[in-house]
Amino acid sequence: MTDTPELPEDPVTVVHEFFSALGMDAVDEALELLHPDIVWKNTSLPDVRGKKRVGQVLAGLARPSFGFAVDMHHIAATGDVVLTDRTDYLRFGKVTAGFWVTGTLELRDGRIVLWHDHFSKGNVARGVVTGVVRAVTGRG
């Protein structure tokens, strides 16, 4: 008998469960879905390599003053490659910035081994400005 949790077999389900766990600040649950050799790539940012390092970054987003959420618009898979089209939300105190993201996630042995997100810096900046305005005016 093994104490390793049973993983979903469908790559789309793995990715859905991963983002759902992150949205609920359940970082430990999300980490169970990552391969030990995970590489997290974000447009123009340094790569984050390894489950421990990715976990440290994700844990930082699960603090009371920060937050992360996702609206998944589209998700599709071919084999172990899953493509996502979504809006990500980063919260910093009372400011929430929403921005469009496309992601490519690759699985190995039922776990995410590559998480590669693409986004526009202009779209992120627009999301931050909109979030600040909403926080200041109380609208939204």
Exercise for the section: Would you please name every residue forming a side chain to side chain contact (heavy atoms under 4.5 Å, CB included) with Ala77, sequence neighbours left out? Expected result: Val12, Val82
Handout entry: Side-chain H-bond candidate by donor/acceptor type, Asp10 with Thr13, under 3.5 Å
Key = yes
Handout entry: Non-hydrogen atoms of Glu32 and Lys51 that approach each other most closely
Key = CA-NZ, 4.4 Å
Exercise for the section: Please answer: with hydrophobic residues joined when any side-chain heavy atoms are less than 4.5 Å apart, are Val57 and Leu90 in the same cluster? Expected result: yes
Handout entry: Test side chain to side chain contact (heavy atoms under 4.5 Å, CB included) applied to Ile112 and Ile38, step by step
Key = CA-CA 7 Å; Ile112 300 166; Ile38 178 73; 3.7 Å; yes
Exercise for the section: May I ask you to test the Leu105-His116 pair for a side-chain heavy-atom distance under 4.5 Å? Expected result: no
Please tabulate, one pair per line, all N/O donor-acceptor pairs under 3.5 Å involving side-chain atoms of residues 65-74, not counting sequence neighbours.
from  : atom 1 : to    : atom 2 : distance (Å)
Asp71 : OD2    : Tyr89 : OH     : 2.9
His73 : NE2    : Thr87 : N      : 3.3
His73 : NE2    : Thr87 : OG1    : 2.6
His74 : ND1    : Asp85 : OD2    : 3.0

Exercise for the section: Over all heavy atoms of both residues, which pair between Val95 and Ala135 is shortest? Give the atoms and the distance, please. Expected result: CG2-CB, 3.9 Å
Problem - Those residues that, when tested against Ser44, pass side chain to side chain donor-acceptor pair (under 3.5 Å) (two or more places apart) - result: Lys121
Problem - Side-chain hydrophobic cluster, 4.5 Å single linkage: members besides Leu83 - result: Val81
Practice task
Kindly indicate, with the supporting measurements, whether the criterion side chain to side chain contact (heavy atoms under 4.5 Å, CB included) is fulfilled by Lys41 and Val39.
Solution key: CA-CA 6 Å; Lys41 297 174 171 272; Val39 177; 3.9 Å; yes
Exercise for the section: Sequence neighbours left out, what passes ring-ring contact (aromatic ring centres under 6.0 Å, His included) with Phe19? Give chain and number order. Expected result: Trp115
Fill in the blank from the handout: OG1 of Thr84 to NE2 of His16, rounded to nearest 0.5 Å, is 9.5 Å
Problem - side chain to side chain contact (heavy atoms under 4.5 Å, CB included) between Val15 and Ile75, intermediate numbers included - result: CA-CA 9 Å; Val15 171; Ile75 188 166; 3.8 Å; yes
Exercise for the section: Report the residues that fulfil salt bridge (charged side-chain N to carboxylate O under 4.0 Å, His left out) with Arg49, sequence neighbours left out, ordered by chain and then residue number. Expected result: Asp47
Practice task
Check each of Leu114, Leu58, Leu34 against Trp40 using the side-chain contact (heavy atoms from CB on, under 4.5 Å) test, and report the only one that passes.
Solution key: Leu58
Handout entry: Trp100 CH2 to Asn123 CG distance, which is reported to the nearest 0.5 Å
Key = 8.0 Å
Practice task
With sequence neighbours left out, write down each residue that passes salt bridge (charged side-chain N to carboxylate O under 4.0 Å, His left out) with Arg86, or none if nothing qualifies.
Solution key: Asp88, Asp117
Completion exercise
The side chain to side chain donor-acceptor pair (under 3.5 Å) partners of Glu29 (sequence neighbours excluded) come to none
Handout entry: Under the side chain to side chain contact (heavy atoms under 4.5 Å, CB included) test, residues paired with Ala125 that sit two or more places apart
Key = none
Practice task
Check salt bridge (charged side-chain N to carboxylate O under 4.0 Å, His left out) between Arg108 and all other residues, then give those that pass, not counting sequence neighbours.
Solution key: Asp37
Exercise for the section: Taking side chain to side chain contact (heavy atoms under 4.5 Å, CB included) as the test, write out the residues that go with Asp80, two or more places apart. Expected result: Pro11, Leu107
Problem - Shortest non-hydrogen contact between Val14 and Leu33, atoms and distance - result: O-CD1, 3.7 Å
Practice task
Under the side chain to side chain contact (heavy atoms under 4.5 Å, CB included) rule, collect the residues that match up with Thr43, sequence neighbours excluded.
Solution key: His118, Phe119
Exercise for the section: Answer yes if Val136 and Val128 sit in the same cluster of Ile, Leu, Val, Met, Phe, Trp and Tyr residues linked by side chain heavy atoms under 4.5 Å apart, and no otherwise. Expected result: yes
